[in-house]
Chemist: 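One structure, as structure tokens, below. Some questions next.
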Amino acid sequence: MADVVKVFRTWSSPFALRVIWALQLKGVEYETIFEDITNKSPLLLQYNPTYKQVPVLVHNGKPILESLVILEYIEETWKENPLLPEDPYERATTRFWAKFGDDKLVPSVRGVLMTQGKEQEEGIPVVIETLKLIEEQLKGKKFFGGETIGFLDIALGWTANLMCVFEEVTGIKFLDAETFPLLSAWIENFSDVSVIKQNWPPRDKLVLKFQAAREKCLAEAATK
Amino acid sequence: MAATTTSSDVKLIGGWPSPFVMRPRIALNIKSVGYEFLQEQLGSKSELLLKSNPVHKKIPVLIHGDRPICESLVIVQYIDAVWASGPSILPSDPYDCATARFWAAYIDDKWFPSLSGIAKAQGEEAQKAALDQVVEGLVLLEDAFVKCSKGKAFFGGDTIGYLDIALGCYLGWIRVTENMNNRKLLDEAKTPNLVTWADKFCSDGSVKDVMPETDKLAEFAKVLMAKFRAPPPN
């Protein structure tokens, strides 16, 4: 029986992109269902009642949720082009930094993107310090995965596209080449991989989206 | 429990009250791996901890040979992979594995913050709301239990697995919270399967010796709150 694979995503979700990249890197055929986050489909709500969010991977009718969980599932199900290292210690290190990216980098960036004034000012060093820790992981490597992209490149890949969008929206420079030579080189190399390049959402649309999101967030904060 | 690895090879930096530390301890017990337990003192962090986990400076840290592994669930997966000849902790089926990982992440990212929210809630109404939220989460986990266990004793089936460890480590603190707030969080009416599971989990050979006694934990909770000047429980 042929595999039936569907991905529920939005045009902009960086978490959904992780799933797309992994499936394409492994040569898995899938159908895409684009969701409108302001008008979620009954099917999405049925597959993900806990969080009601994208991405959702549906494999032969069974839903898998949460992008990093989906990545592990994809890795275990389709063995071509392994994304995780074989060695258990290196796997543990990869998983540690993927979790770090989601638990620390994402909120710290959001903390600057969605604030202004003193609150925003205080958030900037947090982003820089977090990025410095990630920069160190690239020492002696072209990609986090080594010579080719792997699990951690996919997990952190959103930074290669979105950090410059956030810099444009906030007018704040996070990733300058002098402070972050390794990350800057990685962004170029990562973005050059064809599976990555062909899936980037349009940058101007992303700028508009995050500008609107920032304005909405600041307006809501002002009314509290 | 017969050790199949010399305990000098494996060290665990942790503390007896921490649910996160309990996770690798249970995993090591499941695999019959001996280890040296290096206990941290409340309020101070050892040089070894700071050196082994410079990013978070938190327990648990597993040191295998001389290599540190951090983050409790990452450590559990590492233990499962390294001592592969022992009983499996993660489900072998990728879908069951994804389900276990999903609920473990839910427990840490959504449910545990609601549990710790109880101590921080100010006033009766806020406390009741906080307690209600914890129970709602447990009801979701009750449903997950029914689906994952497929009629068996544990989330993992016949034996304790990843999701059992992920939730079970909190049972001591759940009991302390129930006593302090005079309210059942795991109860027969809403979460009957989890009530049965909790007893089986706590009496399991790999858990018994590492699950702290509720009284001892309650005393520790008082010390913790006094030390960090959190608002007292109702």
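Throughout, a chain's letter reflects where its sequence line sits, starting with A, and its residues are numbered from 1.
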Chemist: Non-hydrogen atoms of chain B under 4.5 Å away: do they reach the side chain of A:T50, the backbone, both or neither?
Modeler: side chain
Chemist: Tell me, out of A:Y89, A:Y73, A:F96, who's got the most heavy-atom pairs with chain B below 4.5 Å.
Modeler: A:Y89
Chemist: Sort A:L133 into side chain, backbone, both or neither according to what part of it lies under 4.5 angstrom from a heavy atom of chain B.
Modeler: side chain
Chemist: Taking atom CD1 of A:I196 and atom CG of A:L25, what is their separation to the nearest 0.5 Å?
Modeler: 6.0 Å
Chemist: Chain A heavy atoms under 4.5 Å from B:C97: which part of the residue, side chain, backbone, both or neither?
Modeler: side chain
Chemist: If we check side chain to side chain donor-acceptor pair (under 3.5 Å) with B:Y35, which of these qualifies: B:H64, B:K11, B:R25?
Modeler: B:R25
Chemist: Checking heavy atoms, do the side chain of B:P68, its backbone, both or neither come under 4.5 Å from chain A?
Modeler: both
Chemist: Relative to chain B, which segment of A:P63 carries a heavy atom at a distance below 4.5 Å: side chain, backbone, both, or neither?
Modeler: both
Chemist: Looking at B:Y106, B:F102, B:Y95, which makes the most heavy-atom pairs under 4.5 Å with chain A?
Modeler: B:Y95
Chemist: Can you tell if the side chain of B:V21 reaches within under 4.5 Å of the side chain of B:F37, non-hydrogen atoms only?
Modeler: yes
Chemist: Do the charged groups of B:R183 and B:D132 touch, with an N to O distance under 4.0 Å?
Modeler: yes
Chemist: What are the two closest non-hydrogen atoms of A:D153 and A:T148, and how far apart are they?
Modeler: OD2-O, 4.3 Å
Chemist: Identify which of B:A98, B:A81, B:A104 forms the greatest number of heavy-atom pairs closer than 4.5 Å to chain A.
Modeler: B:A98
Chemist: Could you tell me which portion of A:R95 (side chain, backbone, both or neither) has an atom closer than 4.5 angstrom to a non-hydrogen atom of chain B?
Modeler: both
Chemist: Look up atom CG in B:D9 and atom CG in B:D66, then write down how far apart they are to the nearest 0.5 Å.
Modeler: 9.5 Å
Chemist: What class does the angle between the rings of B:F145 and B:F155 fall in, given that below 30° is parallel, 30 to 60° is tilted and above 60° is perpendicular?
Modeler: perpendicular
